Amino acid sequence: MNDFLLSIVVPCYNEAENIAPLLARIEITLKEYSYEVILVNDGSEDETQVEIELANSMNQSVSYIRFPRNFGHQAALKAGIDHANGDCIVTIDADLQKPPEAIPEMIALWQKGNDIVTAVCRNEGQPSLFKKLTSTCYYKVLSWLADHKVLPNGADFRLFDRKVADIIRSVQTQNLYLRGIFSWIGYKQAVTYYLEEKRKFGETKYGFWKMLNLASNGITSFSVKPLRFALAVGVFFAGLAFGYGIYAIIIVFLGMTVPGWASVVASIVFLSSVQMMVLGVIGEYIGKIYIEIKQRPTYLISKTNITPADDLRGENYSLNLKGQPSDRQERRAAMT
Ligand code: UDP
Ligand code: MG
């Protein structure tokens, strides 16, 4: 037995058929380790909660958090991390596309002193060409905008140290983008590779709009460069307008004025669309400020079997839970 506790955080949204197979594979893979599994039910509409509670009744190391509605993948991950007791924490999807069999290697890298071990998908055959193309471009742009490297294909399958979990726990934001936060944290990072499997049950929850939303969140929560870009566009067109103004004055003096209806209309249409675009970018940020300023919790919990483990837990925790306070060491002792 290894003398540390591993927490496995699994966000679940309509994953009823995947819960039991996932837990079975975790159990086989990690029998030499002491671990806890935290299943976060992100407002599923199917039988996910039934499956989760069944697993909990059969297996002491399985605990759960249930949201009253769908708060999104990132919020579900945050909830799991906030409640994890482990010395290191793994986040993995419920759909078995990411193999739990990769976890021992991630643990080994952590034991070699790495604080964050990101598992990067190596096979490119599974997602659609569109998803592949957009994600490659997106990560390139994001890394440039955010001034720190964001790993491509590092889709929230990672292992990280307790101290990293404590930092994430302290982050209170509505516009959560964990991939960005992990690269922002820095620390000692390592990468491991895995082969993504096909989804056996259920379907992807990341449709086009949800992906677009996550992508936009990733950029606007980590960078103000788009605002500067908007300013640069403004300055560029102001320069052009100035030049054109001088040209107009000159031709007036030269008596060469010509009826220029088409060019006037074209420039008005073009410049007003640029203005709209710039306003849109600014609006995106103002929207973020508006949501942030309300200081609502990232998620709400309607049901859980986890009791508060220590006072460090975020405000989110105290909202709905009235468990016995106990300390992390005690919980660990009880579990091992
Ligand atoms: N998920 C979630 N809330 C959501 C969407 C997804 O908790 O609103 C979970 C989902 O159950 C899965 C993981 O996040 O465990 C990844 O989602 P999915 O497999 O749909 O994404 P994809 O692999 O297609 O990118
Ligand atoms: Mg998936």
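Source: prediction; values computed, not measured.
In this structure, the side chain of Ser61 does not engage the main chain of Glu36 through any donor-acceptor pair within 3.5 Å. A donor-acceptor distance shorter than 3.5 angstrom exists from the side chain of Thr29 to the backbone of Arg25, with no hydrogens or angles considered. Distance alone, capped at 3.5 Å, is enough to place a donor-acceptor pair between the Gln74 side chain and the Leu178 backbone. Between the Ser7 side chain and the Ile89 main chain, no donor and acceptor come within less than 3.5 Å of each other. Without hydrogens or angle criteria, Ser57 side chain to Leu54 main chain gives a donor-acceptor distance under 3.5 Å.
With sequence neighbours excluded, the residues satisfying side-chain contact (heavy atoms from CB on, under 4.5 Å) with Tyr244 are Tyr247, Ser263. In this view, Phe229 satisfies the ring-ring contact (aromatic ring centres under 6.0 Å, His included) rule with no residue, not counting sequence neighbours.
Each of Lys163, Arg162, Lys188 was checked for a salt bridge (Lys or Arg N to Asp or Glu O under 4.0 Å) with Asp115, and the lone residue meeting it is Lys163.
Taking 4.5 Å as the limit, some side-chain heavy atom of Val37 sits within range of a side-chain heavy atom of Val10. Looking at heavy atoms from C-beta onward, Leu159 lies out of side-chain contact with Ile116 at the 4.5 angstrom threshold. Contact check for Ile19 versus Ile52: side-chain heavy atoms found under the 4.5 Å cut-off. Side-chain contact between Pro100 and Leu22 is present, with at least one heavy-atom pair separated by less than 4.5 Å. Taking 4.5 Å as the limit, some side-chain heavy atom of Gln172 sits within range of a side-chain heavy atom of Thr298.
Asn70 and Asp42 form a side-chain donor-acceptor contact under 3.5 Å, judged by distance and modelled atom types alone. In this model, a donor atom of one side chain and an acceptor atom of the other lie less than 3.5 Å apart for Tyr13 and Glu45.
Residues Phe160 and Tyr187 place their aromatic rings such that the two centres sit no closer than 6.0 Å.
A 6.0 Å sphere centred on CD1 of Ile293 holds no more than 12 heavy atoms belonging to other residues, nucleotides or ligands. Within 6.0 Å of CD in Glu47 there are 12 or fewer heavy atoms belonging to other residues, nucleotides or ligands.
Contact check on Lys98 versus Asp93 returns a salt bridge, with a Lys/Arg side-chain nitrogen under 4.0 Å from an Asp/Glu carboxylate oxygen.
Relative orientation of the Trp110 and Phe4 rings is perpendicular, given thresholds of 30° and 60° on the angle between their planes.
Remark: Ile268 CD1 to Gln275 CD distance equals 10.5 Å, nearest 0.5 Å.
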